[in-house]
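A short worksheet on the structure shown next.
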Amino acid sequence: MLNLGLDILGLARFQFGMTTVFHFFFVPFSIGLAFVVAVMETMYAIKGDEDYKKMAQFWGKMFLYSFAVGVVTGIIQEFQFGMNWSEYSRFMGDIFGAPLAIEALAAFFLESTFIGMWMFTWDRFNKWVHTLFIWLVMFGSSLSALWILAANSFMQNPLGYIINQKTGHVQMVSFGKVVGNPQLWNEFPHVIFGAFVTAAFVIAGCSAWRLLKKDHVGFYRKSLNVALVIGLIFSLGSIASGDLQTRYLINNQPMKFAAMEGLYKNSTNKGEWAAVSGFDTKQHKTTWSVDVPYVLNLLSYHKTTGTVKGMNQVNKDMHAKYDKKFGSDMNYYVPTKTLFWSFRIMAGAGALFALLAIVGLIFNRKRSQLIMKQRWFLYILGLCLWLPFVVNTAGWFVTEFGRYPWIVYGLLTIADAVSPNVSVASLLTTNIVYFAMFAIMGLVMIILCHRTLKAGPDVENTDGYSAGDTKELDPYSKGAFNHD
C-alpha cells in the first residue's frame, strides 16, 4: 500500500480539494436558492397570488436539503485544518480566526435562526413578516460567504499584517485592510452572482423536465419564468464581475492570468487571443494555437493596444523576487492546461446561460404555448441543470490552482503547510472514507430532490404540519392541556 507512488503532500492536497469541491457544490446552490425563494415569496406578498406562495414552499424544500448537506460538508472541511494542514493553521491562525469567528457567531447564527422561523411559521405571521425571514436567511448566507472569502482573499493577496519575529507567523495589524482587500471585493460579487445563476438554472432545468412530462404546466411555467429572468440578469452580472476580477489579476497574480490565457511568451501589441491551444508543459511552450488578433488586449485592457507578460517572464520575475527566501529550485509554473480550459468553461457557460435565458423567455411568453412545442429546447435546458456545478468547480480550480505553489501568496508554500505527523496510510484511509461519505450524501440529496419533483407542488407541507393536522394541535393553544 505504501509503494503506490503516493505521498503525503499529494494525498493531503487531494483530500482538501475533494472536500472543498463537494462543499462548493452546495454553498452556491443554497445561497442562490435562498435568493430565488425570497423573490418568489416577495412576489406572493406583493401580488397575493397563491401560486407564488406554493412556488416558494416547493423550491424551498430543495433549499433546505442543500443547506443541510452544505453544513455537514463545511464541518468536514474545517476538520482539514487540524488534520492535514496544522502548519498552515499555526501560520494563519491570527488572520484566519477572526473572519471565521465572525462568520460563525454572526452570519451562521442569523442564517440558522431565521431558517427555522421561516420553515415552521407559514400562515402564523403576516406575509410580509414571513417574507422578511427568508430574506434574512439569504442575507446571512451571503454574509457567511463574505467572511469566508475575506480569509481566502488574504491567502490570495495578503494585506494588513506583519510577520511576528518570535513565531514567524502572520499577525493582523489592520482588520480594515483585511476586509477592504481588493481581491475580496472583486471576488465576492462574482461568487454571489454565480450562486444566483446556479439556483436559477437548476430550477429552470427541473421545470423543463416536468414540462416535458406535461406535469403541473402552469406551476412549472411560472417557475421557469422567474428562474430565467433571474438567470439572465445575473448571468450578465457574472460576466461583468468576472471581467473585473480577471483584469485585476493582470498585475496582482500575473502567473495565474498568463496561464488562463495560455501565454508562455509575452504577448505582442497585436494582442492575439488563443481561442484553443495545445501545450507542452514540460518544455513550457505552446505547441499549437488558434488565435484571434486584438481580442486579448480588448479583454485585458478594453483597448486594442497593450502587452501581457507570459509565464516564462513571470517565472523569471518571481525567482528574482523570492529566491533569497525560498531558494532557486522553486517551481512557479501553475497547472496551465487546468487553468486555460477552466477559464474557457466559465466564460463560455456565462454566455450560454444568458442565451438560454433570452430564448427561454421568448418561448415562454404569457398566453403563448410555444415553450411546450419546443421539446428540443426543454431537453437542452433540462440537461443544463448540471452545468452550473461544473462551472463553479472550474472557477474554484482557477482561483486555487492559480495560486500554486503558495498557500498564502508569497509567504507560505503548500509544501510547508502540511501537518508534520500525518502518514500515507492515514491519509489514504481518510480519503476513501470521505469519498464514500460524500458520494452517499450526494446520492441522498439527488434522491430527495427527485422525490420532491415527482411528488409535485400540491403536497401539503406548510406550518410544520402534515395535510391532516389542524392548528388545534398547537401545543400552545388554549385547549392544549384539556384531556376531556
Side-chain angles (χ1 to χ4, degrees), residues 4-18 20-21 155-156 242 245-247 249-268 270-293 295-296 299-300 307-323 326-349 390-410 412-418:
L4 299 176
L6 302 175
D7 63 273
I8 289 172
L9 179 59
L11 285 168
R13 292 182 68 195
F14 178 82
Q15 185 171 123
F16 190 83
M18 172 182 62
T20 306
V21 166
M155 295 162 65
Q156 305 281 346
Q245 187 178 7
T246 303
R247 291 173 60 209
L249 295 174
I250 295 172
N251 297 314
N252 183 255
Q253 290 185 345
M255 183 66 83
K256 179 188 289 187
F257 183 83
M260 288 162 56
E261 299 299 350
L263 291 173
Y264 276 109
K265 297 180 180 180
N266 295 350
S267 71
T268 66
K270 197 175 178 181
E272 295 94 343
W273 176 75
V276 291
S277 292
F279 306 102
D280 183 342
T281 54
K282 292 183 179 179
Q283 298 298 319
H284 306 304
K285 64 181 182 180
T286 302
T287 55
W288 62 272
S289 184
V290 177
D291 297 331
V292 184
V295 172
L296 178 61
L299 293 173
S300 303
T307 58
V308 176
K309 284 184 180 181
M311 285 178 278
N312 293 336
Q313 181 60 53
V314 176
N315 183 59
K316 291 178 182 177
D317 294 345
M318 296 183 83
H319 273 290
K321 184 176 181 178
Y322 294 114
D323 275 4
F326 294 100
S328 59
D329 60 342
M330 286 287 290
N331 172 26
Y332 294 108
Y333 287 97
V334 297
T336 304
K337 294 178 183 178
T338 301
L339 268 69
F340 181 83
W341 291 110
S342 293
F343 179 68
R344 275 145 187 78
I345 288 171
M346 279 198 300
V390 176
V391 176
N392 289 334
T393 301
W396 184 83
F397 282 173
V398 169
T399 301
E400 301 305 305
F401 280 121
R403 193 175 60 235
Y404 184 87
W406 313 107
I407 196 165
V408 183
Y409 199 88
L412 182 68
T413 66
I414 296 170
D416 290 334
V418 180

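Worth saying up front: this structure is predicted, and the values here are computed from it rather than measured. In this chain, numbering begins with 1 at the start of the sequence shown. Hydrogens, waters and symmetry mates are skipped; everything else that's a heavy atom, side chains included, is used.
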Handout entry: Between CE on residue M318 and CE on residue M255, distance to nearest 0.5 Å
Key = 6.0 Å
Problem - Criterion side chain to side chain contact (heavy atoms under 4.5 Å, CB included) on T287 and F279, from CA distance to verdict - result: CA-CA 5 Å; T287 55; F279 306 102; 5.7 Å; no
Problem - K256 and V334, any side-chain heavy atoms less than 4.5 Å apart - result: no
Problem - From CG (D317) to OH (Y322), nearest 0.5 Å - result: 11.0 Å
Practice task
Please tell me if the side chains of T307 and N266 come closer than 4.5 Å, counting only heavy atoms from C-beta onward.
Solution key: no
Problem - Donor-acceptor under 3.5 Å (S267 side chain, V308 main chain) - result: yes
Exercise for the section: Determine whether I8 and V418 make a side-chain contact, defined as any pair of heavy atoms from C-beta on separated by less than 4.5 Å. Expected result: yes
Problem - Heavy-atom side-chain contact between V314 and Y332 under 4.5 Å - result: no
Practice task
Report the C-alpha distance between Y264 and M311 in whole Å, list the side-chain angles of each, state the deciding distance to 0.1 Å, and finish with yes or no for side chain to side chain contact (heavy atoms under 4.5 Å, CB included).
Solution key: CA-CA 5 Å; Y264 276 109; M311 285 178 278; 3.6 Å; yes
Problem - From N331 atom CG to T413 atom OG1, the distance as rounded to the nearest 0.5 Å - result: 12.0 Å
Exercise for the section: Kindly determine whether F257 and N251 satisfy side chain to side chain contact (heavy atoms under 4.5 Å, CB included), including the steps that lead there. Expected result: CA-CA 9 Å; F257 183 83; N251 297 314; over 6 Å; no
Handout entry: Carboxylate-amine/guanidinium contact R344 E261, below 4.0 Å
Key = yes
Problem - Pairwise distance CZ(R403) to CD1(I414) - rounded to 0.5 angstrom - result: 7.0 Å
Problem - Under the salt bridge (charged side-chain N to carboxylate O under 4.0 Å, His left out) test, residues paired with R13 that sit two or more places apart - result: none
Practice task
Step by step, work out the ring pair (Phe, Tyr, Trp, His ring centres under 6.0 Å) result for W406 and F326.
Solution key: CA-CA 11 Å; W406 313 107; F326 294 100; 4.9 Å; yes
Problem - Side-chain touch M155/I407, heavy atoms, less than 4.5 angstrom - result: yes
Exercise for the section: Starting at CE of M260, measure out to CE of M346 and round the result to the nearest 0.5 Å. Expected result: 5.5 Å
Practice task
Find the distance between NZ (K282) and NE2 (H284) and round it off to the nearest 0.5 Å.
Solution key: 11.0 Å
